[in-house]
Student: 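Input: one structure, supplied below.
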Amino acid sequence: MNHPTTDLLDPPAALLPGLRPGTKEVRVRLAPSPTGSVHIGNVKTGLYNWLLARGQAKRLGLEGSFLLRIEDTDRNRYVEDAAVQLLDILRWFGLEWQEGPDVGGPHAPYVQSERLPIFQERAHHLVATDHAYPCFCTPERLAAVREAQQARHEPPGYDRHCRVIPAGEAADRVAAGEPHVIRFKTPRDGETTVDDVIRGPIVTANETLEDAVLLKTDGYPTYHLAHLVDDHLMEITHVIRGAEWIPSAPLHVLLYAAFGWEPPAFIHVPLILAPGGGKLSKRHGATTMAEFREQGYLPEALMNYLALLGWSFDATTEIFSPEDLLKKFSVERLSASPATFDYQKLRWINQHYINHILTLDDLTSRVIPFLARAGMIGANAAHTDHPDYAAVREATALLKDRLETLADAPEHMGPFLVEDLPDYDSALLVPKKTEPAAAQRGLEATLALLPGLDLTDEAAAEVRLRALAEELGLKTGQLFMAIRVAATGRTQSPGLFGTLRVIGRERLERRLAAAIDRLAAQPA
RNA sequence: GCCCCUAUAGUCUAGCGGCCCAGGACGUCACCCUUUCAAGGUGAAGAUCGCGGGUUCGAAUCCCGCUGGGGGUACCA
C-alpha cells in the first residue's frame with residue numbers, strides 16, 4: 001500500500017508511533033508515588049519516558065518534554081521525605097525533567113495532593129453525566145460480598161449494588177452527608193480496545209471490567225481518576241508505564257471516552273523479573289536506586305544496563321552512553337516480554353565503565369567518597385588540590401582494572417593509601433617451595449638495595465630485582481611474591497613494580513623491615 | 001478460579017517468510033599474555049528457535065490450541 005502524495009505531505013510526526021497528526025510536541029511523564037525508595041523498575045520506565053521525549057522526539061524535529069508528577073493520593077502509604085529523595089536519586093541517575101514539583105511549569109502544581117478540587121470536580125461531572133455514581137457500600141459489606149463470591153467459586157468483584165439507586169435518592173443521601181465513594185459506571189456490554197504501541201490492539205470484553213472506585217471516601221482520587229485527569233490536563237501524548245497497568249487500561253480508555261477526551265498513546269513496558277523468577281526483592285541484591293548507588297554502581301552504567309533490559313538498538317551494540325541512548329533510542333525497538341535482572345551483567349558493564357570509559361580524574365573523584373567513608377583518606381579529599389587527591393589518583397590508575405563497583409575501592413586500594421598495613425598472615429610471606437629463611441634473606445637483600453633503587457623507574461627496578469633473585473638463587477616469582485606480600489599484605493596485587501612505585505620508598509622500607517621482623521620472630 | 005500479557009542457549013537479546021541447520025553480549029570452560037590476581041586477546045561448549053497442529057513451494061518469523069512464565073482481580077499505585 002503506497003500513498004505517494006500523502007506520504008510526502010505527512011509531517012515528521014507520522015514517524016513516531018502513537019503521535020496524532022499535527023502534534024508537534026511529545027509530552028511524557030513519570031508519575032511515582034512517594035511510598036518509600038524508588039524501585040529500579042520505576043527508574044526503567046522513567047528512563048524510557050525520558051528517552052522518548054528528549055531523544056527520539058527531538059531527533060524527529062518535535063518538541064519533547066519529560067514531566068515529573070508526584071502521585072500521593074494514598075494517605076495511608078505516604079512516607080515523609082520520600083518525594084525529596086525521589087527527586088534527588090532521579091537526578092543522580094541522570095534524568096532531567098522540564099516540568100515538575102521542584103521546577104514548576106505551566107500545569108503546576110505537580111503534586112496530586114495539591115490538586116484535590118480538580119479531581120473532585122471531575123468525579124462529580126461524571127456523576128452528573130451519568131458515567132459514575134455514588135456508592136454507599138461499607139468496607140464490611142464489600143468484604144462480605146467478596147467472601148460469599150469466593151465461597152461460591154465466583155470471580156470476586158463489586159456487585160454493583162449501588163449502581164441501581166435512583167440518582168435523586170443517591171443525591172439526597174450524599175447531601176445528607178452519608179459516607180460514599182464515586183464509582184465508574186462501566187458499560188455492561190461491548191468491548192474496548194487499547195492500542196498498545198508495542199503490542200498492537202488489545203481487545204477486552206467490557207463485562208470483565210469492574211465499576212472501579214474513582215473517588216474515595218476521604219475525598220482523594222484513586223489512581224484511575226487522578227492519573228487520567230492529570231495526563232489530560234498536562235497534555236500527555238504518550239503514557240509509558242509498567243505492564244502491570246495493562247489490565248486496567250481498558251477502564252482508562254472508557255474513562256477518556258466518558259470525559260469526551262482523546263486518549264494518549266499507551267506503551268506498556270515489561271516488568272523486571274528476579275533471577276529465580278517472580279518479583280525482584282531484597283533477597284536477590286539491590287532493588288532500590290539508593291541501594292545501587294550505595295553499592296557503588298555508576299549512574300551511566302546503570303542506565304546502560306537498564307536500557308538494554310527490554311530494548312535493543314541492533315544485533316551487536318551493547319555500550320551506550322546517555323548521549324548515545326538519546327541519539328539511538330526508539331520505542332519501536334522496545335520488547336514486549338519481561339526480562340530477568342542479571343546482576344552479573346550489570347557488574348560487567350559497571351566494571352567496563354570504570355576501567356575503560358571514565359577518565360582517570362572522573363573515576364578518582366567518584367571513588368573518593370567510598371574511600372573517605374572507609375576512613376582511608378581525609379573527608380575533604382574530593383578536590384584536586386587536596387593532598388590525598390593525588391595519592392588516590394595514582395592508586396586508582398593502578399587498580400581500576402579490578403574494580404567492579406566503586407564500593408570495591410577500599411578493599412583494593414587500602415594498602416596504597418594507609419600508612420601501615422593491617423595485620424596479615426605471616427605465612428603468606430613464604431612463597432611455595434621456599435623456606436622462611438630464604439624469604440627473609442630475599443627481603444633483607446631487597447631492603448638493603450632500596451636506597452640505590454629508583455622506584456619511579458619501573459623498568460630499571462625490575463631489572464635490578466630480577467638480578468637480585470638470581471644472585472640469591474631464588475626464582476623471580478618467589479622473590480617477587482615475598483616482596484609483594486611484604487609491601488601489600490596480600491598475595492594478589494597489580495604488577496609488582498607499579499605497586500612499589502605507588503607505595504613509595506618510605507612506606508616500602510617500613511613494610512619490608514616489619515616483614516623481616518615477622519619472619520625472624522617465627523619459630524625456625 | 002476468572003481476565004490479560006508473554007515465549008530464540010543459564011541470562012539479556014538480533015532475527016520482522018527464503019541471506020539462519022540462528023548472530024552478538026554476560027556467565028561457563030580452554031589457551032595466550034604473565035612475578036601473583038585482575039584486565040585484555042583468542043577460541044570452545046551451550047538453542048531440535050517451549051510443545052502440537054495448521055497456512056505456504058518455503059516458518060524462529062503468519063494463524064490456532066496447549067504448556068511454561070509474568071501480571072491483574074483493593075476506597076494501593
Side-chain angles (χ1 to χ4, degrees), chain A residues 31-35 42 71-74 76-77 135 137-139 142-143 146 149-150 153-158 179-183 194 196 199 202-205 207-210 212-218 220-224 226-227 241-250 268 270-271 273 275 277-279 305 308-319 333 335-349 351-352 355-356 399-404 412 431 462 465-466 469 475-481 483-485 488 490-497 499:
Chain A
S33 46
T35 53
N42 292 124
E71 308 220 323
D72 57 346
T73 54
D74 184 351
N76 300 320
R77 293 208 306 160
C135 167
C137 294
T138 61
L142 295 178
R146 195 169 308 133
Q149 286 165 332
Q150 271 161 6
H153 297 286
E154 286 171 12
Y158 179 57
H180 64 283
V181 301
I182 304 289
R183 282 184 187 272
V194 175
D196 184 278
R199 282 161 248 267
I202 299 170
V203 182
T204 308
E207 60 180 347
T208 65
L209 268 21
E210 292 209 51
V213 172
L214 302 177
L215 200 66
K216 309 179 215 174
T217 311
D218 62 8
Y220 277 66
T222 60
Y223 169 84
H224 302 302
H227 94 278
R241 71 212 320 185
E244 72 267 30
W245 291 112
I246 293 177
S248 49
H268 292 100
L271 267 19
L273 265 37
K279 262 188 173 166
Y305 178 69
L308 254 23
L309 205 60
W311 172 83
S312 65
F313 174 67
D314 59 18
T316 56
T317 318
E318 296 245 283
I319 299 300
R333 296 196 58 87
S335 95
S337 53
T340 305
F341 198 93
D342 184 353
Y343 287 92
Q344 194 64 50
K345 181 145 189 185
L346 203 215
R347 292 183 79 82
W348 178 83
I349 289 184
Q351 169 275 134
H352 183 81
N355 196 198
H356 302 290
L399 291 140
K400 70 188 181 99
D401 64 1
R402 55 201 69 209
L403 300 184
E404 282 194 316
H412 284 103
E462 178 166 357
L465 287 178
R466 278 184 187 280
K475 290 192 173 173
T476 44
Q478 295 174 327
L479 205 222
F480 286 12
M481 183 55 80
I483 299 174
R484 165 176 297 111
V485 173
T488 65
R490 329 180 161 180
T491 56
Q492 303 176 354
S493 82
L496 217 215
F497 302 95
T499 297

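In what follows, chains carry the letters A, B, and so on, assigned in the order in which the sequence lines appear, proteins first and then strands, with residues in each chain numbered from 1. Scope of the values below: all heavy atoms of this structure, side chains included, with no hydrogens, waters or symmetry mates.
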Student: By nearest nucleotide on RNA chain B, pick out whichever of A:Leu403 and A:Pro221 is the more 5' one.
Tutor: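 It is A:Leu403 whose nearest nucleotide is closer to the 5' end.
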Student: With respect to the side chain of A:Ile246, which nucleotide from B:C4, B:C75, B:U6 is positioned closest?
Tutor: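 Looking only at side-chain atoms, A:Ile246 lies closest to B:C4.
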Student: Would you classify A:Gly310 as touching base, sugar-phosphate or nothing, given that sugar-phosphate means primed atoms plus P, OP1 and OP2, and contacts are heavy atoms under 4.0 Å?
Tutor: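 Sugar-phosphate contact only.
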Student: In whole Å, measure the gap between the P atoms of B:A30 and B:A38 for me.
Tutor: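 Between the two P atoms, the distance is 12 Å.
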Student: Name the nucleic acid region contacted by A:Leu496, choosing base, sugar-phosphate or nothing; use a 4.0 angstrom heavy-atom cut-off, strictly under.
Tutor: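 Since a base atom lies under 4.0 Å of A:Leu496, the category is base.
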Student: Tell me which nucleotide among B:C4, B:A7, B:C12 gets nearest to the side chain of A:Ser337.
Tutor: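 It is B:A7.
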Student: Check this for me: does the side-chain of A:Arg466 come within 3.5 Å of the base of B:U35 through a donor and an acceptor?
Tutor: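 No such pair is found, so the answer is no.
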Student: How is A:Val213 classified with respect to the nucleic acid when contacts are heavy atoms under 4.0 Å: base, sugar-phosphate, or nothing?
Tutor: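 Sugar-phosphate contact only.
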Student: When rounded to the nearest Å, what value does the distance between C1' atoms of B:G27 and B:G70 take?
Tutor: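 Pairwise C1' distance, B:G27 against B:G70, rounds to 24 Å.
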Student: Counting heavy atoms from C-beta on, name the nucleotide in B:G71, B:A77, B:G40 closest to the side chain of A:Trp245.
Tutor: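 Nearest listed nucleotide: B:A77.
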Student: For B:G24 and B:A47, measure between their P atoms and round to the nearest Å.
Tutor: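 Looking at atom P only, B:G24 and B:A47 are 15 Å apart.
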Student: Using the C1' atom as the reference point in each nucleotide, state the distance between B:U34 and B:U42 in Å, no decimals.
Tutor: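 Looking at atom C1' only, B:U34 and B:U42 are 16 Å apart.
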Student: Which of these nucleotides, B:C75, B:C12, B:U36, is closest to any side-chain atom of A:Ser493?
Tutor: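 Of all the options, the side chain of A:Ser493 is nearest to B:U36.
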Student: How far does OG1 of A:Thr488 sit from NE2 of A:His412, to the nearest 0.5 angstrom?
Tutor: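 Interatomic distance, A:Thr488 OG1 to A:His412 NE2, rounded to 0.5 Å: 11.5 Å.
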Student: With a cut-off of less than 4.0 Å, is there a side-chain N or O of A:His356 near OP1 or OP2 of B:G40?
Tutor: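 Indeed, a polar side-chain atom of A:His356 lies that close.
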Student: How would you label the contact of A:Glu318 with the nucleic acid (heavy atoms, under 4.0 Å): base, sugar-phosphate, or nothing?
Tutor: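 Since a base atom lies under 4.0 Å of A:Glu318, the category is base.
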Student: Just compare B:U35, B:C3, B:A77 and give me whichever is closest to any side-chain atom of A:Thr208.
Tutor: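 The listed nucleotide nearest to A:Thr208's side chain is B:C3.
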Student: Do A:Arg333's NZ or CZ and the ring of A:Phe313 fall within the cation-pi criteria of under 6.0 Å and 45°?
Tutor: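 A:Arg333 over A:Phe313 ring: no.
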Student: What's the closest nucleotide to the A:Lys216 side chain, out of B:C76, B:C26, B:C12?
Tutor: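 Closest of the options to the side chain of A:Lys216: B:C76.
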Student: Without decimals, in angstroms, what is the distance between A:Ile483 CD1 and B:U36 P?
Tutor: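 Checked: the CD1 to P distance equals 14 Å.
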Student: For atom NZ of A:Lys216, decide whether the heavy atoms of other residues, nucleotides or ligands shown that lie under 6.0 angstrom number more than 12.
Tutor: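 More than 12 heavy atoms, drawn from other residues, nucleotides or ligands, come within 6.0 Å of this atom.
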Student: Under 4.0 angstrom, heavy atoms only, what part of the nucleic acid is A:Leu346 near: base, sugar-phosphate, or nothing?
Tutor: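 A:Leu346: no heavy atom of the nucleic acid under 4.0 Å.
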Student: Between A:Glu318 and A:Lys345, is the closest basic N to carboxylate O distance under 4.0 Å?
Tutor: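 Judged by the 4.0 Å cut-off on N to carboxylate O distance, A:Lys345 and A:Glu318 do form a salt bridge.
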Student: Can you tell me how far P in B:G41 sits from the matching atom in B:U73, rounded to whole Å?
Tutor: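 To the nearest whole Å, 48 Å.
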Student: Give the nucleotide from the list B:G69, B:U11, B:G71 with an atom nearest to the side chain of A:Leu273.
Tutor: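 So the nucleotide nearest the side chain must be B:G69.
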Student: So what does A:Thr73 hit on the nucleic acid, given a heavy-atom distance under 4.0 Å: a base, only sugar-phosphate, or nothing?
Tutor: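 Sugar-phosphate, no base atom in range.
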Student: How far does CH2 of A:Trp245 sit from NE2 of A:His227, to the nearest 0.5 angstrom?
Tutor: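 Between A:Trp245 CH2 and A:His227 NE2, I get 7.5 Å after rounding to 0.5 Å.
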Student: Measure the distance from CG on A:Leu215 to P on B:C75 and round it to the nearest whole Å.
Tutor: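 Distance, rounded to whole Å: 13 Å.
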Student: Do A:Arg199 and A:His268 pass the side-chain hydrogen bond (donor to acceptor under 3.5 Å, both in side chains) test, and can you show the C-alpha distance, the side-chain angles, and the key distance before you say yes or no?
Tutor: CA-CA 8 Å; A:Arg199 282 161 248 267; A:His268 292 100; 5.2 Å; no
Student: What does A:Pro494 touch in the nucleic acid at a heavy-atom separation under 4.0 angstrom: a base, only the sugar-phosphate, or nothing?
Tutor: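 The residue A:Pro494 makes base contact.
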Student: Between A:Asp74 and A:Arg77, is the closest basic N to carboxylate O distance under 4.0 Å?
Tutor: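 Yes, A:Arg77 and A:Asp74 are salt-bridged.
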Student: For nucleotides B:G43 and B:C4, find the distance between their P atoms and express it as a whole number of Å.
Tutor: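 These two P atoms come out 49 Å apart once rounded.
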Student: Can you identify which nucleotide, out of B:G24, B:C75, B:G70, has its nearest atom closest to the A:Lys345 side chain?
Tutor: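 Between B:G24, B:C75, B:G70, the one nearest the side chain of A:Lys345 would be B:G24.
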Student: Please work out if A:Ser335 contacts a base, only the sugar-phosphate, or nothing of the nucleic acid, heavy-atom cut-off 4.0 Å.
Tutor: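 Contact class for A:Ser335: sugar-phosphate only.
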Student: Given B:G40, B:G24, B:U6, identify the nucleotide with an atom nearest to the side chain of A:Gln351.
Tutor: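 Out of B:G40, B:G24, B:U6, the nucleotide with an atom closest to A:Gln351's side chain is B:G40.
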Student: Using a 4.0 Å heavy-atom cut-off, does A:Thr217 contact any base of the nucleic acid, only the sugar-phosphate backbone, or nothing at all?
Tutor: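 Base: the residue A:Thr217, judged by heavy atoms under 4.0 Å, touches a nucleobase.
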Student: Using the P atoms only, state how far B:A7 lies from B:C51, rounded to an integer number of Å.
Tutor: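 It comes out at 14 Å once rounded to the nearest Å.
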Student: Describe the nucleic acid contact of A:Arg199 in one word from base, sugar-phosphate, nothing, applying a heavy-atom distance below 4.0 Å.
Tutor: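 A:Arg199: backbone/sugar contact only, no base atoms under 4.0 Å.
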Student: What nucleotide among B:G23, B:A39, B:G10 has an atom nearest to a side-chain atom of A:Ala315?
Tutor: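 Shortest atom-to-atom distance from the side chain points to B:G23.
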Student: In whole Å, what separates the C1' atom of B:C16 from that of B:A59?
Tutor: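 After rounding to an integer number of Å, I get 12 Å for this pair.
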Student: Just to confirm, is there a sub-4.0 Å distance from OP1 or OP2 of B:A77 to any side-chain nitrogen or oxygen of A:Arg77?
Tutor: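 The answer is no; no side-chain N or O of A:Arg77 sits under 4.0 Å from OP1 or OP2.
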Student: Name the nucleic acid region contacted by A:Pro32, choosing base, sugar-phosphate or nothing; use a 4.0 angstrom heavy-atom cut-off, strictly under.
Tutor: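 Nothing, no heavy atom under 4.0 Å.
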Student: Applying a 4.0 Å non-hydrogen cut-off, can you work out what A:Tyr305 is touching in the nucleic acid: base, sugar-phosphate, or nothing?
Tutor: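 Here A:Tyr305 touches no strand at all.
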Student: Just checking A:Arg347: base, sugar-phosphate only, or nothing, at a heavy-atom cut-off of under 4.0 Å?
Tutor: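 Counting heavy atoms under 4.0 Å across all strands, no contact is made by A:Arg347.
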Student: Using a heavy-atom cut-off of 4.0 Å across all strands, would you classify A:Thr340 as base, sugar-phosphate, or nothing?
Tutor: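 Answer is sugar-phosphate: A:Thr340 comes under 4.0 Å of backbone atoms only.
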